[in-house]
Structure formats: C-alpha cells, structure tokens
Number of protein chains: 2
Amino acid sequence: MKKPAIDAPDLADPAVAATPARKSRKGAGPTIRDVARMASVAPMTASRALNNPQAVSDEIRQRVLEVVERIGYVPNMLAGGLASKKSRLVAAVVPTITGSVFLEMVQALTETLGDAGYQLMLGQSGYQDSREDALLEAIIGRRPDGVVLTGTMRSEQARRKLLASGIPVVETWDLTPTPIDMLVGFSHERIGKSVAEYLHRRGRRRLAAISANDDRAVRRNKAFADAALALQPELAARGLEVPTWSVPAPTTLGSGRAGLRELLARDPSIDAIFCSSDMMALGVLLEAHASGIRVPEQLAVIGLGDQSFSADTWPPLSTVRIDGTAIGATAARCIITRSEGKTIADPVCDVGYIIVERSTT
Amino acid sequence: MKKPAIDAPDLADPAVAATPARKSRKGAGPTIRDVARMASVAPMTASRALNNPQAVSDEIRQRVLEVVERIGYVPNMLAGGLASKKSRLVAAVVPTITGSVFLEMVQALTETLGDAGYQLMLGQSGYQDSREDALLEAIIGRRPDGVVLTGTMRSEQARRKLLASGIPVVETWDLTPTPIDMLVGFSHERIGKSVAEYLHRRGRRRLAAISANDDRAVRRNKAFADAALALQPELAARGLEVPTWSVPAPTTLGSGRAGLRELLARDPSIDAIFCSSDMMALGVLLEAHASGIRVPEQLAVIGLGDQSFSADTWPPLSTVRIDGTAIGATAARCIITRSEGKTIADPVCDVGYIIVERSTT
DNA sequence: ATGAAAGCGCTAACAC
DNA sequence: GTGTTAGCGCTTTCAT
C-alpha cells in the first residue's frame, strides 16, 4: 500500500528539494506541502514548526519560518479545522447590533477572542423568533468552538439542537434558571427591585417606567412595579398601579421622548422614571428640557446600561451600570478554556450591576 | 487500487443499508455518509439532494430530506468549503464597533449576507495600524469569499497580501483614488465643501469644526475649512483660520461638550459648528443648553451620520446623512455576485450623501 | 439521474 | 525530533 517512491522521492535530501508540485493547482496560494518542500522537511514537521514550535529543533523552525515569510504562506484554517476539529471560530448571537446596548460585549468578545487566536462570527437573531432556527443551522454548520448567546434561544428545538451539537454555549445578559450550558449574566428581577427601592429612598413617591417589550425588560419591570407597590401599600390600596409605557425593541431616543409625554398625560404626579435604556433616558431628559420640566427637581430619571454618553448628559444621567465588557471577556474566556479541554469550575457567573448615582435622581 | 468491496458493499441494496459506520467516530454528529446510508443512496447523491435539488429525482430528494430532518444532520461547512473552495464566509473590518457610525453598515451586511446563505466574520482593526496585519492574517486564513474594509488597509504590506490572496475586496466609506478591488463609498472632500457652502448660504459667517483625528475626518475638515475661507476671502485676508477642535477617535458626547467650550473660549464669535459625528453634535447641543446658548439662533450645529436619535434631539439635529444600510447592502451584493463567478459592471459605487436640514441650522 | 474515485489542505497517531 | 500513514467530511470529476 506504500506509495511508490516516485511520488515524494527526495524529501530527505535538501539538494533535490525542488520537486515540482504534482500539478500547478488552481489559483490558490501555497500550501504547507510547498512550505515543507522548500524547507526540505516533511509537511508534518512544517505544521509543527508553526503550531507547536517547541516540538522541533531550532534550526528547522527557523528554516520553515523563513520560507513561510518569504512565500507569504497563510495556513488554511478550513483544512486545519477539519483535521483537528478545532475551528478557532466563535459565534455570537445578539438580538440586534443597533441599539448599542450589546456593543461593549461584542467589542470585548472580538478582542479577547482575537488575542487568543479566535475569530468572532456575528449573527443577529432579530427580536422575533423566526430567524433563530436558520441562524442556528448556519452557526452549527461552521462547527464553532463555542457559541455566545444574548439571553437564550427561545425556540425549544433550537435549544435541543444546540445542546445535541456538543458545542460549548455561554448564555449571557441574564440569569436563566435552566442554562443550556454556561451562563454569564445578572438578575433582571433584582435590578427592578433595587431601582424601585433606590428611588423610594431618594424620596420619590410616584414611580413610572418606560421599557422595551422584550422578555428581560418585562421581567425587570414587573419586579420594579411589585417592589414599588410593596413599598407603598397605600397606592395599591387606592387601586393604583405603576404607570408603564412599553415600546417595541430596539429602544430609541424618540421613544423616550414620546414615553415621557404619554406617561405625564396619564398621571402628571409622576416624579420618577425608570428607563430600560440610557438612550431612552436621554430622550426623557431632552423632552423634559423641551417642555420646561426640571430634572431632578420635578422629575427623577434613571436609565440602564451606562453607555459612553451617559456621564456627559445634562444633567449627568443616573443609571444602572452593566459591565458589558466583563460579560464579553468572561464569556470569551469560558469558551477558550473549554475548547482547550479544561473544565470550568463554576458554569454560572453573576457579574451583578451597580446603580450609578449621578445628577438626575 | 479499487477499494475492496467489503468497505461499502451494499449501498445499492436498500434492504442491507444499515451497514455499521466503519467505526463510531469521535463525539461529532452525523455525516453525509450516515445520511446517504440511511437513505440508501451514494453520499454524492445525498449531497446533490441538499445543494442542487433539481438535479435529483423527486423521490430520492424526499427520502434524503426526510433522513436529514430525522437525524438532525447539519452539513459541515468546513469540509464543504475545503472541497468546493467556497467558504460562504465574508469578513468585515471596522475600526471599532463602538461609536456606532458603522453599525448600520454592519447590520445591513449581516442581513444581506445571511439571506444569501453567507455569514459575517467581524474584525476590529482599532484606529492604530498595529493590529491590522495580524487581523488580516486571521482573515485570509479562513479563505473568506470576500472582505469588506472600512476605509482601506493602511499597511502597504497588508494591501499587497490581500491583493495576492485573490479574495474579492470591497473598500467602503470612502472614495480612494486607487482601490484594491471594488469600492462603495462617498467623497469626504465633497461633504466638507458642501457643508461649508450650506452654512454660508444660511447666513453663518464664522464657521468652526469639531472632528475626530482619523484620516477621513481630517480630509473632510480640510475641505470644509478651504471652502469656508474661499467663500469669505476677508477672513483669510485678516489672517484668520477656521477654528478646529480635534479629538481622538472614537467620538463621544463628552468630546462634543468639551469641544464647544474650547472653541467658544478661543473665539466667542463662532456661529456655526460642523461636528464629525452626530453624537458629538448632540454633545454640542447639550452643552449649549447647559450654558444658555440658543440653538439655532446664536449657534448653528450640524452633525454627520444621521443616527437613529438625530431626528429626535432638541432641537432636531441637522446632519449629513450617509446611507450605511445602502453601503452594507451594496458591498454584500458585490461580494455575492463576485463569488458566484460573475463580474461586477462598475467596481466603483458612489452612494453620495444628503444634507438633512432640521432645526439646528 | 446516480455512483465511484480522488482529492481539498491539514493534523492526529503512530512509527522510527 | 522527524517522518509516514491515514483520514477529517465534503465536493469535483468522470463514468455509467
């Protein structure tokens, strides 16, 4: 079964290394066999020189690297991934990239992964479930070394497929009770409660909320409203509820402005508003300026996300800080660790949140 | 050389199709051979049923699809890409994802590509050149069907490597005189000139600019300043220049606020400011409110980008609209067309820009 | 319309 | 340390 010697006759002899390629291939670039031939080593040795340098002698390593540099060889990761079953690719799914709440996380992901030699594949699920299945199929097809989900997969079938694929999964931006695999997030319920308590402590007595209508925002808001009513039983006794204005995701500055108008029309006594994004909170601020409402004297405003602009609004915006960078970096590290075959000590990581008190409350 | 019959003896006989796999492979999922065996066809036929449905009989197609569905087979695109030399992966490089100016484009890219069965790989070059080479190496290694660049590759070596790789390249967000391959953008010089002329036409006589310090913004600004001085030779005669405040990218709301303070301190007679991003323009607006400067009466403000919030600021922000969605969608289509082997009629596409007049000018 | 053979470019596993 | 062998899972090509 041994190949006839004519096929690779002189690999061991540097002097005769210039064996012509079997056939000048398509248009593509050089392969590792070209490198090997020109460095007078076996392809496997060239591969080692690149991927596991300390496993070859200094002299050979140098020879190989010199050739690589000279002919501009770039390893084909498709082939490498197929052979080694490591694609060095990580997929991330965000509801949408506009709206910017997840940008910090995506940025941290690209960077942390990039530094470790992995690349990020980005997918947008949209806020409706329809695209999720197709997207997941495309992702699994690439055999990524990991998948980072924002929230969780809503489709039960998608969750099963993902689990069955055996790909490490990190769900983020939430603390789901039944994670698919790993989890890096925080509790939306606790945020809602904390914000209500905080505003109450600051003397506010008529709380309201402007919120996106996605699942996480809804849960946050419910906790917010529940806590507010618990703190002021008299409101509940009078049959009052916590006024809430709900907008379809993604949230915008415009929806913040509209929300304030709407809420005030419904109940002029509102003295504090919790917005489900800083951009909406900024909208509330602008609408307040535009209609002569003083912040924070007449109205307290608190956002969510601590975006890069939030400290610089006028007045500086109080907000709930979520460390997107930490989420992204942690998620990336979880996947890198896992794909190196190690196990994660604790598959659940609560990154928490901080209420950042500035001048709007 | 023909393989002994024992290796795949009964493919043609449906009744004996349950030949055990040669060896229960790793942990991975089913392969096309599993599908083929279970549908009693050759692997190649199963492949055709999936990728070229009209090439197989209805009956076989149905049998194959049924098996695929039942066992949850997801084709391995690494293997497919290796064999077919089409990865169905497109890489995009943006300076940074935060700052959101490029988000619309990235969104349009993911969507347009996704609809055509391609995925987007996202890379951030940062605003300094250092990471560019490493990033490019990682990109080429994946043998993407196309690369979308924001601006161009600054490193000459990187440009050469990219060209040599033969991968279709679309440079965007600019109109460089010597494109690597294809180009979808607009002229920064023309924008600078147009804005100066527009502000002058609106009666403004002391123009200033706040701008990022990246190459494109600098060129835009130079054209802006040149045009302003050309329109008012008397300024030049008095030795005056167009006051400019330059900030490191990415631009923020805070840099807009600081910029206004700085410029006004330098020259209180400034009556119009051109900002290199809407976020900075919003900062200028806020700073103006905070210090009692009336917009547009005392100060005109115009931004760049027409972000989703821009129409809802107070007052609504005038801006230069750049159609990021069009850029992304066009770039995606260029690459898809190219990777289908067709040629692009015109490799250069100027998407232009529009000055959106709202209330701040 | 369907199938068999032969790789795509790389690396795991095992020799030496 | 270094080389050889045998695939990874798919598709191209050519035969039927």
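Keep in mind the model is a prediction, meaning the values are calculated, not measured. Chain identifiers are assigned alphabetically (A, B, ...) following the order of the sequence lines, protein sequences preceding nucleic acid strands; residue numbering begins at 1 within each chain. Only heavy atoms go into these numbers, but all of them, side chains included; no hydrogens, no water, no symmetry mates.
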Holding to ring-ring contact (aromatic ring centres under 6.0 Å, His included), I want the full list of residues that pass it with A:Y118, two or more places apart in sequence or in another chain.
none

Ranking C:dA4, C:dT11, D:dC10 by distance to the side chain of B:A42, first place goes to C:dA4

Considering the terminal five base pairs at each end of the helix from C:dA1-D:dT16 to C:dC16-D:dG1, what angle separates the two local helix axes, rounded to 10°?
30°

For B:R61, which residues count as a salt bridge (Lys or Arg N to Asp or Glu O under 4.0 Å) partner, sequence neighbours excluded?
B:D58

Non-neighbouring partners of B:D145 that pass salt bridge (Lys or Arg N to Asp or Glu O under 4.0 Å), sequence neighbours left out
none

What residues, two or more places apart in sequence or in another chain, satisfy side-chain contact (heavy atoms from CB on, under 4.5 Å) together with A:A332?
A:L109, A:T112, A:L113

Looking only at the side chains, is there a donor atom on one of B:Q124 and A:T110 sitting less than 3.5 Å from an acceptor on the other?
yes

Testing C:dA4, D:dG3, C:dG9 for proximity to the side chain of B:M44, the answer is C:dA4

As a test of reading the structure: which of C:dC8, C:dT11, D:dC8 is closest to the side chain of B:A83, going by heavy atoms?
C:dC8

Once you apply a heavy-atom cut-off of 4.0 Å, does B:I60 come out as touching a base, just sugar-phosphate, or nothing?
sugar-phosphate

Can you list the residues that meet the side-chain contact (heavy atoms from CB on, under 4.5 Å) rule with A:L82, with sequence neighbours excluded?
B:N76, B:A79, B:L82

Is there a side-chain polar atom (N or O) of B:T45 under 4.0 Å from OP1 or OP2 of C:dG3?
yes

In terms of side-chain heavy atoms of B:I32, which of D:dC10, D:dG3, D:dG9 is nearest?
D:dC10

